[in-house]
Amino acid sequence: MAMIKLLSHPLARGIATYSVLWPTANLVQQSLEGRRYGSFDYGQCVRYGMYGALYVAPTIYGWVKISTIMWPNMNLKTAVFKAIVEQATYGPFAGVSFLYIMSLAEGATPGEAMQELKLKFPQTYKIGLTFWPFIQTINFAFIPERNRVTFVAACSFVWTVFLASVKRKQLNQTKDV
């Protein structure tokens with residue numbers, strides 16, 4: 001009963017959802033690389049789970065709360081505006097955070113993490129501009145606030161598979177993202 005009550009809170013639902021979706025998306029990406037059960041990098045899965053649950057879920061929850069306070073209306077016009085604002089603010093923050101923090105979590109030095117960020121972020125962000133505005137317009141226009149973090153988590157599964165693929169590319173292959 002206590003677990004059900006805890007999961008009724010949007011942040012707790014987001015943390016629970018991201019703690020499963022992000023490592024699962026990473027396993028899908030590893031499978032697409034040709035890895036199988038015996039060769040999966042489970043340490044990488046743990047890093048994705050920790051990052052998704054402890055960093056992504058809280059930051060998305062915060063963004064959704066702030067944007068709902070700033071623009072409380074649930075209509076298409078407001079949703080489109082919120083999606084545009086998100087791509088100009090949260091989108092770059094999320095992309096930079098992912099590439100930099102995950103590089104550090106993999107053992108890169110801050111300089112190496114910054115180099116990877118400089119090479120991979122621009123194309124990753126451009127691709128995000130073709131994906132996230134549509135998802136967030138639906139999210140802000142049609143999904144009740146209490147379910148928005150979970151909805152975005154489900155949609156981010158595909159995005160996370162893409163991010164894991166970008167993260168795995170060697171720096172000299174980055175221009176082909």
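Atom set for the values below is all heavy atoms of this structure, side chains included, hydrogens, waters and symmetry mates excluded. As the structure is a prediction and not an experimental result, all values here were calculated from the model.
- Taken to the nearest 0.5 Å, the CG atom of L54 stands 7.0 Å off from the CD1 atom of I15.
- Closest approach of Y125 and G91 over heavy atoms only: CE1-C, 4.1 Å.
- Heavy-atom minimum distance, S39 versus Q30: O-OE1, 4.5 Å.
- Remark: S103 pairs with A108, A113, E116, K167 by the side chain to side chain contact (heavy atoms under 4.5 Å, CB included) rule, at least two apart or across chains.
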Go through F157 and V28 one step at a time and tell me if the side-chain contact (heavy atoms from CB on, under 4.5 Å) criterion holds.
CA-CA 10 Å; F157 182 83; V28 168; 3.7 Å; yes
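- Each side-chain hydrogen bond (donor to acceptor under 3.5 Å, both in side chains) pair with one or both residues in residues 45-57, not counting sequence neighbours, appears once here: Y55-S97.
- In the hydrophobic clustering of ILVMFWY residues, with side-chain heavy atoms under 4.5 Å counting as a link, I143 and I69 come out apart.
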As a quick check of understanding, evaluate side-chain contact (heavy atoms from CB on, under 4.5 Å) for T160 and L21, giving each step before the final call.
CA-CA 9 Å; T160 305; L21 284 180; over 6 Å; no
Would W22 and N26 count as a side-chain contact (heavy atoms from CB on, under 4.5 Å) if you check the C-alpha gap in whole Å, the side-chain angles of each, and the deciding distance to 0.1 Å?
CA-CA 6 Å; W22 272 60; N26 177 258; over 6 Å; no
Which side-chain N or O atoms in residues 81-90 pair as donor and acceptor under 3.5 Å with protein atoms at least two apart or in another chain?
residue: K82; atom: NZ; partner: W71; partner atom: O; Å: 3.2
residue: E86; atom: OE1; partner: W63; partner atom: NE1; Å: 2.5
residue: E86; atom: OE1; partner: Q136; partner atom: NE2; Å: 2.6
residue: E86; atom: OE2; partner: Q136; partner atom: NE2; Å: 2.8
residue: T89; atom: OG1; partner: V85; partner atom: O; Å: 2.8
residue: Y90; atom: OH; partner: T59; partner atom: OG1; Å: 2.8

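- Transitive grouping of hydrophobic side chains (ILVMFWY, heavy atoms separated by less than 4.5 Å) brings I135 and F98 into a common cluster.
- Side-chain N or O atoms of S19 include one that pairs as donor or acceptor with a backbone N or O of A16 at under 3.5 Å.
- Nearest heavy atom pair, residue Y18 against residue A53, reads CB-N, 4.0 Å.
- Distance alone, capped at 3.5 Å, places no donor-acceptor pair between the K120 side chain and the Q115 backbone.
- How far CD of E33 is from CG of D41: 9.5 Å, rounded to the nearest 0.5 Å.
- Here CG of L117 is found 7.5 Å from CZ of F121. Values are rounded to the nearest 0.5 Å.
- A donor-acceptor contact shorter than 3.5 Å links the side chain of T137 to the backbone of P133.
- By the 4.5 Å side-chain criterion applied to Ile, Leu, Val, Met, Phe, Trp and Tyr, F134 is assigned to no cluster and stands alone.
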Go through the steps for Q44 and Q29 under the test side-chain contact (heavy atoms from CB on, under 4.5 Å), then give the verdict.
CA-CA 11 Å; Q44 190 178 93; Q29 182 276 325; 4.1 Å; yes
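- For the residue pair C45 and P23, the shortest heavy atom distance occurs at O-CB, 3.3 Å.
- Atom OG in S67 sits 11.0 Å away from atom CD1 in I60 (nearest 0.5 Å).
- Here Y37 is tied into one hydrophobic group with L27, F40, Y42, each link being a pair of ILVMFWY side chains closer than 4.5 Å.
- Under a hydrophobic-cluster definition in which Ile, Leu, Val, Met, Phe, Trp and Tyr are linked whenever side-chain heavy atoms come within less than 4.5 Å, directly or via other members, V46 and M102 are assigned to different clusters.
- Put simply, OG on S156 and CZ on F151 are 10.5 Å apart, with the number rounded to the nearest 0.5 Å.
- With hydrophobic clusters built from ILVMFWY side chains whose heavy atoms lie under 4.5 angstrom apart, Y100 shares a cluster with F93.
- Applying the salt bridge (Lys or Arg N to Asp or Glu O under 4.0 Å) rule to pairs touching residues 52-71 yields K65-E145, sequence neighbours excluded.
- Taking CD of Q123 as the reference point, atom CD1 of I127 lies at 5.5 Å (rounded to 0.5 Å).
- By the criterion of side-chain heavy atoms lying less than 4.5 angstrom apart, applied directly or through intervening Ile, Leu, Val, Met, Phe, Trp or Tyr residues, L76 is not grouped with W132; the two fall into different hydrophobic clusters.
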